[in-house]
Participant: 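Before we start, here is the structure in question, set down as structure tokens.
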There are 4 protein chains.
Amino acid sequence: MKVGVFKVAQNSPDDLSGVQALIQAQTLDPRTLVAILGKTEGNGCVNDFTRGFAVQTLKAYLRSHLPPAPTHPIVYVMSGGTEGVLSPHLTLFTREPDPVAAVPHWGLVLGISHTRDFLPEEIGTLAMVDGVAEAVRQAIAQAQLQTQDVHFVQIKCPLIASARTQGSASQQFRTQDSYKSMAYSRGASALGVAIALGEVDRASLTNADICQNDGLYSCVASTSAGIELQNCEILVLGNAPTSTSDYVIGHSVMRHALDQEAVQSAIAQTGQERDRVVNLFAKAEADPSGTLLGRRHTMLDDSDINHTRMARAVVGAVVASVLQDPMVYVSGGAEHQGPAGGGPVAAIARQRDA
Amino acid sequence: MKVGVFKVAQNSPDDLSGVQALIQAQTLDPRTLVAILGKTEGNGCVNDFTRGFAVQTLKAYLRSHLPPAPTHPIVYVMSGGTEGVLSPHLTLFTREPDPVAAVPHWGLVLGISHTRDFLPEEIGTLAMVDGVAEAVRQAIAQAQLQTQDVHFVQIKCPLIASARTQGSASQQFRTQDSYKSMAYSRGASALGVAIALGEVDRASLTNADICQNDGLYSCVASTSAGIELQNCEILVLGNAPTSTSDYVIGHSVMRHALDQEAVQSAIAQTGQERDRVVNLFAKAEADPSGTLLGRRHTMLDDSDINHTRMARAVVGAVVASVLQDPMVYVSGGAEHQGPAGGGPVAAIARQRDA
Amino acid sequence: MKVGVFKVAQNSPDDLSGVQALIQAQTLDPRTLVAILGKTEGNGCVNDFTRGFAVQTLKAYLRSHLPPAPTHPIVYVMSGGTEGVLSPHLTLFTREPDPVAAVPHWGLVLGISHTRDFLPEEIGTLAMVDGVAEAVRQAIAQAQLQTQDVHFVQIKCPLIASARTQGSASQQFRTQDSYKSMAYSRGASALGVAIALGEVDRASLTNADICQNDGLYSCVASTSAGIELQNCEILVLGNAPTSTSDYVIGHSVMRHALDQEAVQSAIAQTGQERDRVVNLFAKAEADPSGTLLGRRHTMLDDSDINHTRMARAVVGAVVASVLQDPMVYVSGGAEHQGPAGGGPVAAIARQRDA
Amino acid sequence: MKVGVFKVAQNSPDDLSGVQALIQAQTLDPRTLVAILGKTEGNGCVNDFTRGFAVQTLKAYLRSHLPPAPTHPIVYVMSGGTEGVLSPHLTLFTREPDPVAAVPHWGLVLGISHTRDFLPEEIGTLAMVDGVAEAVRQAIAQAQLQTQDVHFVQIKCPLIASARTQGSASQQFRTQDSYKSMAYSRGASALGVAIALGEVDRASLTNADICQNDGLYSCVASTSAGIELQNCEILVLGNAPTSTSDYVIGHSVMRHALDQEAVQSAIAQTGQERDRVVNLFAKAEADPSGTLLGRRHTMLDDSDINHTRMARAVVGAVVASVLQDPMVYVSGGAEHQGPAGGGPVAAIARQRDA
């Protein structure tokens, strides 16, 4: 299966002019779409409706361009928050049968999967970890990937909206705080990836580890919580020798928010020059220690602006300054995604011209 | 006169433990203090009282450590806003008679000056430009600097608080909006620097140019508005052959918020390695075109977070990622300070060990 | 024509469960819909996409429930911002032929109209005032209302998004600041109402009066700006002897944000008890003098939270405390809508049971 | 002892012009000051330095007006947050020996006390509850009050700043989240009042009840957390037959944020007309159920503005609209202070002219 990657700007969450242009020019065949990752311009926190607005718009548009019974559902991952220089955009992933004369080569492959809906009381628990791990394994198998060649696993996961906890005994939930529940959901999802990839040992994992034991993490997980779904949707990206894609992926792990060497390293791993990079994908979080490189930061004590927002602004600026392109995908909240205060970063580059 | 530079962390706007330690260790003689630049952890906008709190605390402390009638007033420039990784701190500048056996060499010198109080209706007008230009010239003369060797001019300037416009005919003010008045004050002050340094021609300058004609700017001005003063306080920094300082300064101009090459260039100009840099000083603004490197940014249409805050987070991250130290001085609002969307950046490095 | 009024709660901008229930129960015939006023839970400022999300959702839903070529377009007025206790909801207005045996009586009537699209440079100018005045007159005529019996004129008007000012000479626009442009648009629209109703004299009105001369205002205008349209959409409400509606409307003018007597007075004017009130409609603004009842308020100098948001929280609380129901319609920015710091308030009550 | 009450406006946290005027006019004798309650214009959350700024300013000023060794420390309670119409001000309480010819009568008395410093790990636990209960009893005894005649107990309590949890095992703290720690501190302090007054049974109280069991509460506690202290400072107000004060106090309990009847009732309880009320003191919180009077509110899911800020705006507007004076004391976070979503409200009125 040949994988394609397209990056298009959005002027608002419901702007599909870029997608439309690609489809009308027959550059993009909507029937081949498997996943759409977006950065939308909301606050990226609980009451961010730009994610749902973008998805509703995309679905309505594609419905009129797709056969009535699609063989597979598209994975939509809208990550809210384009703080600072981050520029709202969509990254569209396609998959189509290998062209007749295609010669397999080392390059990009992908797999997708969905978990069942989780109950609010399962969010942030081992039940969620296990459900995600199982689905990640399915997506890896679908992509015909070796575990060590997985470079990025993107997950969209649910949160606990305050409306959903009413009428339930409060002790059943990891938290009553909807903003905080986003962290639990992201953390459990990331640990699911780590289990599937053998980065963390399932046997010794407990509920208490989730969002507490920051020594446990995945180097390739990127998870993003939203109010618009109740299950997890998963996209696995990696390289395989069976690829017929024009693209290739590399990754690294930022040890802290200012680790520009890791960004350079992710690009270098693709074997391509910087100007062939289509997009960078990174996770951001305010260092939970309250310090960065030995200096105090104020993000955790700021009651005016949520620290996830500031973390995106910072990592977005660092990643964009390396690429000299602010249209990159940086999502917030890196619980169990890379070391505390850091996070995975992946680069997709074009390796040959179609 | 020998110039010294000290950078100390602050745990809160009223934390002087770092300053106290320097004084008690006799590393810093408070009687030699001429200027204190601070980054404080407020919003950097109108209702930021961290600036005034820091100044009140410093003044009360120094009052008990200084002779009753100081020969010169200290210049206090508190710039609010430590968004993202920026770490609250003070940079203290001292000046003392040359040591007996000192051999003059190329290095850091400084001058300070104060304007008269400006009326609210003068803020953002040519009257302010001229007052500032005159005071900048005085500070340059005091420092025995050549115009071309001026590397950084820091100014603290007033704003128009809404309380001060009550009871006056509204048409007298450049704006009734206190947040907007900060921009006019910064812009007029920066043009004052540009006039003094010959970067802009006074004869053809009009009131209408101020905060409108962004082709006019200074490459070394850094201006910061605050509610806590009604005049301008000025600090001029440069290099001269008569210096006996252990420090040296360099500068460059960031063409846009992600211009890390300019930051490297400012450091290179000091002739010192990165690890000898004491502090970096930069200005930040959201590109007024609404785009950066051809990509849309959302800072100007964000009604939740002021764009000056986001701009500081971005430029702070870029500057800090070059230095690998988040304790840098980045202040917001770069009207007439560097080209639109960019701004000056200066580096002070230690060139010899005291 | 018989006018109906329905108030339904929304759990999110795309929640139509309440509307669906009314339609399925045949309480509401979608073909009779003429206007939908909503309070959505965004910031009510520039980057509030909840308004567009709600409208997109409503339109998609109604498209499948309406005949392909509707005889009239529905007026959608989504007002963002449910700060404090305000509860997100929709108010739906219907109009249908008089029932066969209906006896005309004093009660609610309505008219709607649309202006042409305005250019960005027309927003906030006399061109906009005139366009609105003309359309208001049309709506009044359509409703068969006497001018003195008009109790509420709701207008949805455009703003100047920063994207729309790029590539144009800047001096053409009333402002480059998109947030500020909302005020100009609301102000000019409100003056259009005042002209149509004879509250302000057109001959002596100038562009300079708009958003400056706060002695000029309408006592019944309520205008709300949004990024999702480029023309004005108008809904006129009043009482007439020809009505066959079960509802009646009254109004008053709040002199300041804490004027609960005006709210009581609007209710009293309907001639009905408080518990028969369906909804209250009010405008809110932070008193531009910076004081309220002689006391300083801090809303205008607050750089963390926009004053329109705080004003809605305040007036929402006052109006809701009188009605003892937080599901009321309070919209922000009351330029030329009532006296400075105050604004119109209208009450619709059920006068007889259907 | 004769108790006096003074309310003075502040133009900024460091504005003492009003206090100065009272002292210079000899209306207020600074040596008689026992407590100062302030509303300052910060965010009222973690990084609100307006509280500390106000206290520092007051202390420095009073130091120069008080004898070197005061017989008692003054209780400073600065409550941050003047959202909406709330007007920044100070309420000063004095206590002096009964005038020679004074005839005791039913009226205002007060007592003050301080707890020891609490460790960060004690904040929000029974250790804090017990420490506060003991100190409240002392203050009641000092005031010579009967338990049933206590009308208001104001406490300033500490929070857990993220800096203070570094280097400690995380499980020791009720929370690592500094904003959340304010709730635990307020809640434990309020339960301390409830224990002291017999409103809650100490024997059956457990750590798990704190901030969880909202059936337990005090009807007169008002607690406010701040970063500027590590112990609790307590002010008890009530009426006694031994009073020689010109003032009298009454209170009631708001059942919800829109309960204006309770505000009227607190005023009525003083036996005085509305225009003799000096100040109202109320607590505010967003109803933790997510609904108010059966309607959904959005405060708990708002990631842009903290719900404590919105709650103050709402209750401030309701209280101020009853009094028709926005200079009232409304503080946020009503854990165990009145029923869930509601809170105590007290009124101090002048009953006779001095």
Side-chain angles (χ1 to χ4, degrees), chain C residues 7 9-12 15 39-43 45 50 81-89 254 256-261 263 284 286-287 290-299 301-302 304-307 309-328 341, chain D residues 7 9-12 15 39-43 45 50 81-89 254 256-261 263 284 286-287 290-299 301-302 304-307 309-328 341:
Chain C
K7 181 165 82 170
Q10 279 198 304
N11 284 317
S12 61
D15 171 31
K39 279 301 318 170
T40 62
E41 55 200 285
N43 63 25
C45 305
T50 62
T82 56
E83 293 83 2
V85 298
L86 291 170
S87 192
H89 70 282
M254 295 175 77
H256 54 76
L258 299 177
D259 187 2
Q260 44 169 289
E261 283 179 20
V263 184
D287 196 302
T291 63
L292 173 61
L293 293 171
R295 304 297 200 181
R296 178 172 75 101
H297 67 76
T298 60
M299 292 185 268
D301 282 347
D302 188 336
D304 296 312
I305 303 177
N306 267 312
H307 56 81
R309 303 203 71 180
M310 274 300 162
R312 274 191 297 270
V314 166
V315 175
V318 171
V319 169
S321 77
V322 170
L323 191 60
Q324 289 291 299
D325 181 354
M327 195 175 278
V328 290
Chain D
K7 181 165 82 170
Q10 279 199 303
N11 283 319
S12 61
D15 171 31
K39 281 304 314 172
T40 62
E41 55 199 285
N43 63 24
C45 304
T50 61
T82 55
E83 293 83 2
V85 297
L86 291 170
S87 192
H89 70 283
M254 295 176 77
H256 54 75
L258 299 177
D259 187 2
Q260 43 169 288
E261 284 179 19
V263 184
D287 197 303
T291 63
L292 174 61
L293 294 171
R295 304 297 200 181
R296 179 171 75 101
H297 67 77
T298 60
M299 291 185 268
D301 283 346
D302 188 335
D304 295 313
I305 303 177
N306 267 313
H307 55 81
R309 303 203 72 180
M310 275 300 164
R312 272 190 298 269
V314 167
V315 175
V318 171
V319 169
S321 77
V322 171
L323 191 60
Q324 289 291 298
D325 180 354
M327 195 175 279
V328 290

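A, B, ... follow the sequence lines: proteins, then strands. Residue 1 opens every chain.
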Participant: Do the side chain of S321(C) and the main chain of L258(D) share a donor and acceptor less than 3.5 angstrom apart?
Facilitator: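 Checked: no pair found.
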Participant: For D287(C), is it the side chain, the backbone, both, or neither that has a heavy atom closer than 4.5 Å to a heavy atom of chain D?
Facilitator: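 Contact with chain D: none, neither part.
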Participant: Test side chain to side chain contact (heavy atoms under 4.5 Å, CB included) on Q324(C) and H256(D); report intermediate values, then the result.
Facilitator: CA-CA 10 Å; Q324(C) 289 291 299; H256(D) 54 75; 3.4 Å; yes
Participant: Quick one: does M299(C)'s side chain get under 4.5 Å of V85(D)'s, heavy atoms only?
Facilitator: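 Answer yes - side chains close enough.
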Participant: Picking from V318(D), V322(D), I305(D), V315(D), which has the most non-hydrogen pairs under 4.5 angstrom with chain C?
Facilitator: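 Option with the top pair count is I305(D).
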Participant: Within the side chain of R295(D), is there an N or O that forms a donor-acceptor pair under 3.5 Å with the backbone of A9(C)?
Facilitator: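 Answer holds: no.
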Participant: Taking every heavy-atom pair that is under 4.5 Å apart, which of R309(C), Q260(C), H297(C) has the most such pairs with chain D?
Facilitator: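 It is Q260(C).
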Participant: What part of N43(D) gets closer than 4.5 Å to chain C, counting heavy atoms only: side chain, backbone, both or neither?
Facilitator: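 Nothing of N43(D), per the 4.5 Å heavy-atom cut-off to chain C.
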Participant: Which atom names give the shortest non-hydrogen contact between M310(D) and A313(C), and what distance separates them?
Facilitator: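 What the structure gives for the nearest pair is SD-CB, 3.9 Å.
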Participant: Rounded to the nearest 0.5 Å, what separates atom OG1 in T82(C) from atom CG in D302(D)?
Facilitator: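 Separation between the atoms: 8.0 Å.
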Participant: Between H307(C) and chain D, which part of the residue has a heavy atom less than 4.5 Å away: side chain, backbone, both or neither?
Facilitator: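 Neither part; nothing is under 4.5 Å.
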Participant: Restricting to non-hydrogen atoms, name the atom on R296(C) and the atom on S87(D) that form the minimum distance, rounded to 0.1 Å.
Facilitator: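 That closest heavy-atom pairing would be O-OG, 2.6 Å.
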Participant: Starting at CG of L86(D), measure out to CG of L292(C) and round the result to the nearest 0.5 Å.
Facilitator: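 Between atom CG of L86(D) and atom CG of L292(C) there are 10.5 Å.
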Participant: Using distance alone, with no hydrogens and no angle criterion, decide if E41(D) and T298(C) have a side-chain donor and acceptor under 3.5 Å apart.
Facilitator: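 The answer is no; no qualifying pair exists.
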Participant: To the nearest 0.5 Å, what is the distance between OG on S12(C) and CG on D301(D)?
Facilitator: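 Answer rounded to 0.5 Å: 11.0 Å.
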